[in-house]
Amino acid sequence: MTTIINYNLGNPKSIKNMLAYLGIESRISANHEDIASAERLILPGVGHFQHGMEQLELLGLVEVLKNEVLENKKPILGICLGMQLLTKHSAEGNRAGLGFVDAQTKKFELQDANLKVPHMGWNEVSWQKESALLASIAEKPRYYFVHSYFVECNQKDDVLGTTHYGQDFVAAFQHESIIGMQFHPEKSHRFGMELLQNFTKL
Amino acid sequence: MPLQPRIIPVLLLHKGGLYKTKQFKKPSYVGDPINAVRIFNEKQVDELMILDIDCSVNNSAPNYELIEEIASEAFMPVAYGGGVNSIEIAKKLFGLGIEKVVLNTVLQHNTTLIQQIGDTYGAQAVVACIDFKKNLFGKTNAYFKSGSTKADQSIPQLAKLYEAAGAGELLLNDIDREGSYSGYNLTMLKELVSIVNIPVVVSGGASQVSDFTEAAQNGASGMAAGSMFIYQRPYNAVLISYPSNYFYS
């Protein structure tokens, strides 16, 4: 069972629907028991970093997540804001995150005036290391991005894929079974399905 | 770095069902919207546009329940238009999982909404739609309110106005060509592409794959189409289709 953590930011239903389409059982929940009993977790999210952390604290999820992810080594996939929340700190609201990976979240400051922030639309990812997550995925895949902040990893080994938008940034990281994706697999049709499917096999 | 041109199927909502019109008239029922979204999930559709054709005419609010269901079912980004006339409505739509809002009627009197939405969600989440058609004397005018209220400004004036107001994208919709399979209005497309710097999505008249290619070559950032994906000609039997893999190598 995969638990999609519901902390009231955005609509996580498309993730559940995509998993169902793939024949994978999941539930959307903030219940501590549902998180503790899950085989793996997905931390979705669209919105402001500070608001996201506040919601996690309010729901008492910070300790639960620490226990499951750091102690019990349960695989977790953070998507978009969910990825950023896994980092140590964000410039958005200037506050500390969950800190599960040695990384921080910064704001795009692009030199090229033709490049708009947020970075929004389909873009390519160049994969930087081998991973079971990337098993038999399509060639030249593209993914849907919507974000104004990006993740910077301090450990090069954690970088799974990068994307170029005025600068290179981390499109996905993987540190053991802690995974972050800046793009939205649930809005990237078949390319996203491949990644979600591989995640549920971890 | 410019992103690749997008092919955008357009679904029209009317009385909670999925309809197709011809030149904004004669709505005919073509099916259940959720079913249509599921069919598009099977294809490589990079963006879906949902337009509720009742909202501005009836001055009604968006059908949030249906929109949430569509956003939850869609495995691709969804743009929604129809009755988006305040920041509160836009906020609610983004919260339901919509990625972009399409504005038309509200812009007749209020272009500041573009900036308001853009400030919170980014300019690229705001699509300004220009509907246009020829009058009896062959003069092309822009219209609001599902083609019923003529605009005071010319089409280029509106395009410039929306760009200055902060729109992330223009949707250029030729009402006369809608559902006609007569090809896109490339003349208008070229004119607008030459005067604005924001992406222009062309709509109305798509009939075949070569229409997409031609529009992209003439500067379109996106190509919207309804009938072409919905009907099987020559008898216009309902067949939701989407050519696979034809555009991207």
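Below, each value reflects all heavy atoms present in this structure, side chains not excepted, and no hydrogens, waters or symmetry copies. Here is how names work: the chains are called A, B, and so on, in the same order as the sequence lines, proteins then strands, and each is numbered from 1.
Contacts from residues 61-68 of chain B to chain A, taken as heavy-atom pairs separated by less than 4.5 Å, involve B:Glu68 in sequence order.
Of all heavy-atom pairs spanning B:Leu96 and A:Asn11, the tightest one is O-ND2, 2.6 Å. Across all their heavy atoms, A:Ser14 and B:Phe75 have their closest contact at O-CE2, 4.1 Å.
Open room surrounds NZ on B:Lys15; 12 or fewer heavy atoms of other groups in view lie less than 6.0 Å from it. Heavy-atom neighbours of A:Glu25 CD from other residues, nucleotides or ligands within 6.0 Å: at or below the threshold of 12.
Of the listed residues (B:Ser72, B:Gly168, B:Gly97), the greatest number of heavy-atom pairs within a distance under 4.5 Å of chain A belongs to B:Ser72. Put simply, of B:Arg38, B:Lys100, B:Glu73, the one with the most heavy-atom pairs under 4.5 Å next to chain A is B:Glu73.
A donor-acceptor pair is defined here as one N or O able to donate and one able to accept, closer than 3.5 Å; no such pair exists between the side chain of A:Lys187 and the backbone of B:Glu47.
Atom CG of B:Asp46 and atom NE2 of A:His189 lie 4.0 Å apart (nearest 0.5 Å). Distance check, rounded to the nearest 0.5 Å: CZ of A:Phe191 to CE of B:Met76 gives 12.5 Å.
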